[in-house]
2 protein chains.
Amino acid sequence: MAHLQGDLAKVLIEREIKPSYHRIRIYRYLVENRTHPTVEQIYSDLQKELPTLSKATIYNTLKLFSDKGIAKTMTIEEKEARYDIVEENHGHFKCKECGDIYDFKIDIDDLGTGDLNGFKIDQKDVYFKGICRGCQ
Amino acid sequence: MAHLQGDLAKVLIEREIKPSYHRIRIYRYLVENRTHPTVEQIYSDLQKELPTLSKATIYNTLKLFSDKGIAKTMTIEEKEARYDIVEENHGHFKCKECGDIYDFKIDIDDLGTGDLNGFKIDQKDVYFKGICRGCQ
DNA sequence: TTCCGTTTTGTAATGATTACAATTCTATAA
DNA sequence: TTATAGAATTGTAATCATTACAAAACGGAA
Ligand SMILES: [Mn+2]
Ligand SMILES: [Mn+2]
Ligand SMILES: [Zn+2]
Ligand SMILES: [Zn+2]
């Protein structure tokens, strides 16, 4: 944990993202909060420590992260986008009751792509919806 | 084709949807246009024949269809929702170039649900993105 | 025809996202 | 150190899909 800030900066640099302080903090937020947060959640949490942070910066930064491949935008629900760091393939389950989004293991690359011969597939998302165990 | 209108009405009635004329026409539009249309597309196409049709009715009707299980809302992209009739499991591929959304065969029920013991799964969506064959 | 519940409409409100010009920051050169 | 240019950030206005809601139109029963 000692050099977390530095380690995070390294990741950004590797992806050709200049590691400004706000960018590092937003990335760190995503790494430490694997809850698939909305922009609003990121904003209200980070604002406590970064009073000058603006929502525009969060939108800009998440767009940049997404373009550079270290974060992804989730469209599992209709109203607000949610964000996740890019990591090993996994699916997402959204509970209609509590609203939480759970990760679950799935080998997305195993999914057959029968009809898609000749298609270039860049991104695969698996979204499930229902009621989580705790909400039954 | 002779009794299409009547056949469609029957489907609505089976699902406890009163088959008003607009509802039948919107459902027929979805059945005949398997292009995963937006509300805007449905509206501008149907308006030609139904000049009094309002967007509010389309939103209301699609919500009703979705609640009753004969249509579903797709969140494959961030800006606008798209709609599809409910039919045998299939995945969706969105081409980033031309914007078209293709169906493809996938056995969604075969997807493992390892971590989701005790979860009640109501809906499964598989969204791929990339470049379609024609756009390469 | 009258009546009542349902459907539809038009429009205003909402709210997330984007656009954009102004300001602040940062690194480098003089 | 100070000046300067480019990049990052900010605040706010604009956009646009969706929702809310009250008024109007419709449709079947009596
Ligand atoms: Mn995740
Ligand atoms: Mn489809
Ligand atoms: Zn839950
Ligand atoms: Zn294409």
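So that the names make sense, note that chain A is the first sequence line, chain B the second, and so on, each numbered from 1.
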* In whole Å, what is the span from the CE atom of Met74(A) to the P atom of dA16(C)? -> 17 Å
* For Thr52(A), which contact category applies under a 4.0 Å heavy-atom criterion: base, sugar-phosphate, or nothing? -> sugar-phosphate
* To do: Of all the heavy-atom pairs spanning Ile76(B) and Phe93(B), show the shortest one and how long it is.
  => CD1-C, 4.5 Å
* Can you check the Glu80(B) CD to dT18(C) P distance for me, whole Å? -> 13 Å
* To do: Write down the distance between CG (Leu46(B)) and P (dT8(C)), rounded to a whole number of angstrom.
  => 13 Å
* Write out all pairs satisfying ring pair (Phe, Tyr, Trp, His ring centres under 6.0 Å) with one or both partners inside residues 46-80 of chain B, taking only residues at least two apart or from two chains. => Tyr27(B)-Phe65(B)
* Asked: What integer distance in Å separates Leu50(B):CG from dT7(C):P?
  -> 17 Å
* Give the rounded distance in Å between these two atoms: CG of Leu62(B) and P of dT8(C). => 12 Å
* Structure fact -> Assign each of His22(A) and Lys63(B) the nucleotide of DNA chain D bearing its closest heavy atom; nearer the 5' end lies the nucleotide of His22(A)
* **Tyr59(A) vs dT17(C): side-chain N/O to OP1/OP2 distance below 4.0 Å** => yes
* Check the distance between dT17(C)'s P and Arg82(A)'s CZ and give it to me in whole angstrom. => 11 Å
* Base, sugar-phosphate, or nothing for Ser20(A), non-hydrogen atoms under 4.0 angstrom? -> sugar-phosphate
* Modelled atom types, side-chain donor and acceptor of Asp45(B) and Gln47(B), under 3.5 Å -> no
* **Of Ser54(B) and Glu78(B), the one whose closest DNA chain C nucleotide lies more 5'** => Ser54(B)
* Interatomic distance where CD1 belongs to Ile58(B) and P belongs to dT7(C) [whole Å] -> 17 Å
* What are the two closest non-hydrogen atoms of Cys95(A) and Cys132(A), and how far apart are they? -> SG-N, 3.4 Å
* Could you label the plane-to-plane angle of the His92(B) and His36(B) rings as parallel, tilted or perpendicular, counting under 30° as parallel and over 60° as perpendicular? => perpendicular
* Just jot down the side chain to side chain contact (heavy atoms under 4.5 Å, CB included) partners of Lys96(B), sequence neighbours excluded, or say none. => Asp122(A), Lys129(B), Ile131(B)
* Structure fact -> Nt span of DNA chain D in reach of chain A heavy atoms at under 4.0 Å, 5' end first, is dA7(D) to dG11(D)
* Asked: Base, sugar-phosphate, or nothing for Lys18(A), non-hydrogen atoms under 4.0 angstrom?
  -> sugar-phosphate
* Asked: What integer distance in Å separates Ile24(B):CD1 from dT8(C):C1'?
  -> 15 Å
* salt_bridge(Asp84(B), Arg34(B)) N-O dist < 4.0 Å -> no
